[in-house]
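For this chain, numbers begin at 1 and follow the sequence in order.
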Amino acid sequence: MGQENQSSVTEFVFLGLSQDAQTQVLLFFLFLTIYLLTVLGNLLIIVLIHIDSRLHTPMYFFLRNLSFVDFCFSTTIVPQMLFHFLAKKKTISFVGCATQIVMLLLFGCTECALLAVMSYDRYVAVCKPLHYSTIMTQGLCVQLAIGSWASGAFVSLVDTTFTLHLPYRGNHIINHFFCEPPALLKLASTDTYNTEMAIFAMGVVILLAPVSLILVSYWNIISTVIHMQSGEGRLKVFSTCGSHLIVVVLFYGSAIFAYMRPNSKIMSERDKTISVFYSAVTPMLNPIIYSLRNKDVKGAFRRVMAK
């Protein structure tokens with residue numbers, strides 16, 4: 001991290017989402033509700049997939065990984081945010097800020113890769129149903145999951161190293177509600193061009209490449225579905241693809257906006273609002289859209305409740 005970093009800023013102060021006391025109380029209850037739904041939804045998916053052998057398939061293997069990532073991702077950000085809504089002084093130590101950046105990038109980037117892997121799984125299931133079991137073997141699923149976590153760890157390491165290597169002296173007020181590279185770069189007391197380019201390059205790897213794979217996968221799925229004889233089957237796949245694409249647009253769109261554009265020295269209210277989508281909203285929506293609307297998961301839930 002360098003000696004100059006350690007001898008300068010030792011803690012940061014967040015401005016948060018609002019300065020108004022009443023608004024902060026309202027936001028506390030809103031985000032508490034979002035967080036509780038996120039935790040309950042994702043833990044329910046993890047438990048159901050673990051205990052019901054009928055859900056031991058490639059699709060649910062990836063869903064369990066996604067639910068674990070969403071739980072960790074949300075927990076990295078929201079509990080601290082809830083505390084700060086009620087605290088007079090919204091501070092975080094330099095070490096705490098660094099840890100938060102490492103964790104949120106690890107889980108966020110792993111989710112980017114997992115969503116792409118899941119779209120490939122659905123592509124094989126719809127477009128190559130006769131070869132699904134021979135393509136999506138247990139070994140390949142494990143490799144794809146490990147690859148997702150490894151890519152998340154790699155991008156986290158690169159982005160964190162470049163961001164924390166910068167000197168931070170003097171200005172320690174972050175106009176944001178959690179620590180992430182775009183917000184921190186605005187406080188750096190040196191030119192951030194090289195760091196911005198590194199983050200942009202990692203964004204191409206972990207944001208643009210996966211979203212391109214997802215769009216190609218769903219384009220092929222939709223093309224296959226159009227030629228289906230069964231109108232009911234078409235409607236079901238279109239409904240599923242539509243809901244998946246909504247999550248993809250929310251998650252990738254907001255993350256691309258935050259990480260794939262030139263750095264400005266001012267963090268706007270719009271920037272903070274957009275961060276809410278990928279940090280809090282999509283981890284809550286994922287279990288609902290990917291799993292809880294699914295008849296297999298509903299059946300597993302009923303079987304567990306009947307025991």
Side-chain angles (χ1 to χ4, degrees), residues 1-19 72-81 83-85 87 89-112 152-207 254-280:
M1 247 179 258
Q3 194 63 35
E4 57 186 354
N5 282 28
Q6 295 171 3
S7 62
S8 51
V9 171
T10 58
E11 70 173 17
F12 295 102
V13 178
F14 294 114
L15 290 184
L17 287 172
S18 173
Q19 300 295 302
C72 295
F73 187 48
S74 184
T75 301
T76 301
I77 298 168
V78 182
Q80 174 206 265
M81 185 165 66
F83 173 75
H84 282 165
F85 280 136
K89 197 176 180 187
K90 304 169 176 39
T91 60
I92 187 171
S93 67
F94 188 93
V95 173
C97 186
T99 304
Q100 188 173 53
I101 289 177
V102 171
M103 292 294 103
L104 82 90
L105 287 174
L106 169 63
F107 298 124
C109 295
T110 300
E111 175 153 345
C112 290
F154 173 72
V155 174
S156 175
L157 177 65
V158 172
D159 281 5
T160 303
T161 301
F162 272 89
T163 302
L164 298 182
H165 184 69
L166 295 170
Y168 296 94
R169 305 188 201 92
N171 187 7
H172 67 296
I173 297 172
I174 303 177
N175 185 18
H176 206 17
F177 56 93
F178 65 97
C179 283
E180 65 172 342
L184 219 57
L185 291 188
K186 301 179 193 325
L187 306 185
S189 50
T190 188
D191 180 62
T192 60
Y193 178 78
N194 290 337
T195 301
E196 288 175 53
M197 287 301 99
I199 290 173
F200 182 86
M202 290 299 100
V204 171
V205 171
I206 207 67
L207 287 169
S254 55
I256 287 170
F257 181 85
Y259 285 84
M260 299 291 292
R261 64 195 179 101
N263 184 43
S264 155
K265 278 295 174 187
I266 300 170
M267 193 82 177
S268 69
E269 295 305 309
R270 182 185 61 178
D271 293 332
K272 291 193 280 186
T273 303
I274 285 171
S275 295
V276 169
F277 283 103
Y278 61 83
S279 64

query: Do you know which two heavy atoms are closest between P182 and Y259, and how far apart they sit?
result: CD-CE2, 3.5 Å

query: Hey, what do you get for CZ (F162) to CE (M202), rounding to the nearest 0.5 Å?
result: 8.5 Å

field: Nearest non-hydrogen partners of P181 and I199, listed with the distance
entry: CB-CD1, 3.7 Å

task: Calculate, to the nearest 0.5 Å, the distance between atoms CD1 and CD belonging to I174 and E180 respectively.
output: 10.0 Å

- prompt: What is the minimum heavy-atom distance between Y278 and A255, and which atoms define it?
  reply: CD2-N, 3.7 Å

field: Partners meeting side-chain contact (heavy atoms from CB on, under 4.5 Å) with T273 (sequence neighbours left out)
entry: none

Closest approach of L17 to M81 (non-hydrogen atoms, all atoms of both residues): CD1-SD, 4.4 Å

message: Please check this pair: side chain of K90 against backbone of H84, looking for a donor-acceptor N/O pair closer than 3.5 Å.
response: yes

query: Of all heavy-atom pairs between S279 and V78, which one has the smallest distance, and what is that distance?
result: O-CG2, 4.4 Å

Student check: side-chain heavy atoms of N171 and S189 closer than 4.5 Å: no

task: Output all residues satisfying ring-ring contact (aromatic ring centres under 6.0 Å, His included) with F12, sequence neighbours left out; order by chain, then residue number.
output: F94

Student check: side-chain heavy atoms of V13 and H172 closer than 4.5 Å: yes

field: F154 atom CZ, over 12 foreign heavy atoms within 6.0 Å
entry: no

query: With sequence neighbours left out, what residues match K186 under salt bridge (charged side-chain N to carboxylate O under 4.0 Å, His left out)?
result: none

message: For I77 versus F177, what's the shortest heavy-atom pair and its separation?
response: CG2-CE1, 4.3 Å

- request: State, yes or no, whether a side-chain contact exists between M260 and V204 at a heavy-atom distance under 4.5 Å.
  value: yes

- prompt: Nearest 0.5 Å, what's the CZ-CE distance between F200 and M197?
  reply: 6.5 Å

- request: Can you measure from CG (D159) to CG (L164) and round to the nearest 0.5 angstrom?
  value: 10.5 Å

field: Atom pair OG (S156) and CD1 (I206), whose distance is rounded to the nearest 0.5 Å
entry: 10.5 Å

field: Partners passing side chain to side chain donor-acceptor pair (under 3.5 Å) against E269 (at least two apart in sequence or in another chain)
entry: K272

Pairwise distance CG(L187) to OG1(T192) - rounded to 0.5 angstrom: 11.0 Å

field: Chi angles and distances behind the side-chain contact (heavy atoms from CB on, under 4.5 Å) call for F107, T75
entry: CA-CA 10 Å; F107 298 124; T75 301; over 6 Å; no

statement: By ring-ring contact (aromatic ring centres under 6.0 Å, His included), F178 pairs with (sequence neighbours left out) H176

Would you tabulate the side-chain donor-acceptor contacts of residues 95-106 under 3.5 Å, counting partners in other chains and residues two or more places apart, or write 'none'?
from: T99; atom 1: OG1; to: V95; atom 2: O; distance (Å): 2.8
from: Q100; atom 1: OE1; to: C179; atom 2: N; distance (Å): 2.8
from: Q100; atom 1: NE2; to: T76; atom 2: O; distance (Å): 3.0

